[in-house]
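Owing to the predicted nature of the structure, the values given are computational and were not obtained by experimental measurement. Below, read A as the first sequence line, B as the second, and so on, with proteins coming before strands; counting in each chain starts at 1.
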Protein chains: 2
Amino acid sequence: MSGRLVIIGTGPGNPAQMTPQARTAIAAASDFFGYGPYLDRLDLNDRQTRHASDNREELARARAALAMAASGRHVAVVSGGDAGVFAMAAAVCEAIEHGPAEWRRLDLEIVPGITAMLAVAARVGAPLGHDFCAISLSDNLKPWALIEERLAAAAAAGFVIALYNPISRARPWQLGRAFELLREKLSGQTPVIFGRAAGRPDERISIVRLDEAQPEMADMATCVIVGSQETRMIARDGLSPLVYAPRSAERPMR
Amino acid sequence: MSGRLVIIGTGPGNPAQMTPQARTAIAAASDFFGYGPYLDRLDLNDRQTRHASDNREELARARAALAMAASGRHVAVVSGGDAGVFAMAAAVCEAIEHGPAEWRRLDLEIVPGITAMLAVAARVGAPLGHDFCAISLSDNLKPWALIEERLAAAAAAGFVIALYNPISRARPWQLGRAFELLREKLSGQTPVIFGRAAGRPDERISIVRLDEAQPEMADMATCVIVGSQETRMIARDGLSPLVYAPRSAERPMR
């Protein structure tokens, strides 16, 4: 079988944050599958073909890409950020597990990228400086009760929490409910970072206290980072504050 | 004040995984602070000065870098992986908070990088494909009881767990104790990935079941990823298995 499939994390959308490995992988592929806006960021030539699809069709997209790779093409599946973090790599693995045996024999490569929480964190200091977790707030594929359980467990155990997929037209109330729940577990003073389009020209970063956090501060392109009880904020004259999670913790939680 | 400080995540050590932003930041700086092996990876010129220090002297290194930046130099603090994940960005913020007021006025930039768990995950499939957390097993700066509490909470809530700083000469027993604790919470069949030097010539990746996991399988340069109860393993003839965390969860945890 001569076909190849490469799954590429293109980073947060700033070309300076896309790795040379991703750039090389893009240059080598013939056919590109992905969400339209991610494909729009690529600088493709005339011999390279786009196969754009909607953001909610990940499994169908993965199957189409695998089928084309199995036919002998050199196929790229493109994600923003890192392909392994709430993105296409898991969908491709799922399609392989449940697909024809020949898909398991494909030459498969995965190229990592800068995921959103890292790009956002770098803009404000070091909010992921101690133990942290990443939770997708999308309840399309998991029950909301499980998301609440994970939010509560993470806050109680002192993890900083990065929220992916915080809000969308189809999921308007989940982020507000998450803030409500976190306010029961954490001080209202806890810093919350709304990081939209970090590193891109349309970047918008804001830092508020948990008791001021509102779901309207986020959109689909936002990664929200909620601090722990140990997260610190450093005021700076004429500069935005620095937010960081100290490397040290003085005591057990309880 | 004309000095500048840039904190740079250089990625896992494969030059193809260092971003153009990091490369540009390195080219512009005059003085480099960091752990010797990370500085060794840089291609510095005659006008650029190395200030290498031991890995356990993060706060002293941060202060020295800040003092030099405040004196007007263009200083780079260099981390492997991402500077914000168990690395130098938090130490620099801590030094700023407790240091002289002029340090808060410095021109400070942080450049994100591919952190180890992303590089390891990309080599085996999509083990971070659903909610996950990152925990440092180092108890130099936090009590071991807190680490145990976080491991237990993460496993019970179904997070995939990435373990940073799993073992060292000074911390020989912690990883074995962590596996013991996780075996109480998770099935012995749970996939565990030992990812050493992912993407580098001396890369060594192994995938075992939790009941086979031994601390000797890791060293200082290893990131260990412990799956959740939902993590899947796909056997492939003649190829290493794929490990992934499905995007979907069928039911609440309990």
Side-chain angles (χ1 to χ4, degrees), chain A residues 11 14-21 24 82 84-85 89-91 93-94 96-97 104-105 110-115 118-119 121-122 125-126 128-136 141-143 145-146 149-150 153-154 156-159 232 234 236-237 242 244-249 251-253, chain B residues 11 14 16-21 24 58 82 84-85 89-91 93-94 96-97 104-105 110-115 118-119 121-122 125-126 128-136 141-143 145-146 149-150 153-154 156-159 232 234 236-237 242 244-249 251-253:
Chain A
N14 174 344
Q17 292 178 339
M18 187 193 294
T19 66
Q21 187 182 31
T24 302
D82 181 84
V85 176
C93 289
E94 185 181 334
I96 290 172
E97 182 174 16
R104 298 186 184 210
R105 294 191 295 269
I110 301 167
V111 176
I114 306 280
T115 184
L118 302 183
L128 306 177
H130 71 45
D131 303 330
F132 64 92
C133 66
I135 299 177
S136 168
L141 293 167
K142 62 186 171 185
L146 178 59
E149 180 180 328
R150 289 182 179 163
F159 287 99
R232 307 281 307 163
I234 311 174
R236 297 188 298 172
D237 275 352
L242 286 176
Y244 80 102
R247 301 166 307 141
S248 56
R251 61 208 145 47
M253 298 290 298
Chain B
N14 174 344
Q17 293 179 338
M18 187 193 294
T19 66
Q21 187 181 31
T24 302
E58 294 187 336
D82 181 85
V85 176
C93 289
E94 186 181 334
I96 291 173
E97 182 173 17
R104 300 187 183 209
R105 295 190 294 268
I110 301 166
V111 175
I114 305 280
T115 184
L118 302 184
L128 305 177
H130 70 43
D131 301 332
F132 64 92
C133 65
I135 299 177
S136 168
L141 293 166
K142 62 186 171 185
L146 178 59
E149 180 179 326
R150 287 181 180 165
F159 287 98
R232 307 280 308 162
I234 311 175
R236 297 187 299 172
D237 276 352
L242 287 175
Y244 79 101
R247 302 166 306 142
S248 57
R251 58 202 150 50
M253 299 288 299

Pick from A:A119, A:P112, A:G129, A:P15: which one has the most heavy-atom pairs with chain B under 4.5 Å?
A:P112
Which residue out of A:C93, A:A89, A:G84 racks up the most heavy-atom pairs below 4.5 Å with chain B?
A:C93
At their closest point, which heavy atom of A:I135 faces which heavy atom of B:D131, and how far apart are they?
CA-OD1, 3.3 Å
In terms of heavy-atom pairs under 4.5 Å, which option from A:S248, A:A122, A:S136 contacts chain B the most?
A:A122
Tightest non-hydrogen contact, residues A:F159 and B:A154, listed as CZ-CB, 4.3 Å
Using a cut-off of under 4.5 Å on heavy-atom pairs, state which of B:A121, B:P246, B:G125 scores highest against chain A.
B:G125
Using atom types as modelled and distance alone, determine if a side-chain donor or acceptor of B:R105 lies under 3.5 Å from a backbone N or O of A:D237.
no
B:R104: which residues meet the salt bridge (Lys or Arg N to Asp or Glu O under 4.0 Å) condition with it, sequence neighbours left out?
none
For the student: nearest non-hydrogen atoms of B:A16 and A:P20, plus distance:
O-CD, 3.2 Å
Could you look at B:L242 and say if it's the side chain, the backbone, both or neither that has a heavy atom under 4.5 Å from chain A?
side chain
Between B:Q21, B:H130, B:M18, which has the largest tally of heavy atom pairs under 4.5 Å with chain A?
B:Q21
Sort out for me which of A:V111, A:L128, A:T19 touches chain B most, counting heavy-atom pairs under 4.5 Å.
A:T19
So do A:L118 and B:L118 actually touch side chain to side chain, heavy atoms under 4.5 Å?
yes
Can you name the side chain to side chain contact (heavy atoms under 4.5 Å, CB included) partners of B:R247, sequence neighbours left out?
A:E58, A:L59, A:A90, A:A91, A:E94, A:L141
Pick one of side chain, backbone, both or neither for A:A245, based on which atoms fall under 4.5 Å of a heavy atom in chain B.
backbone
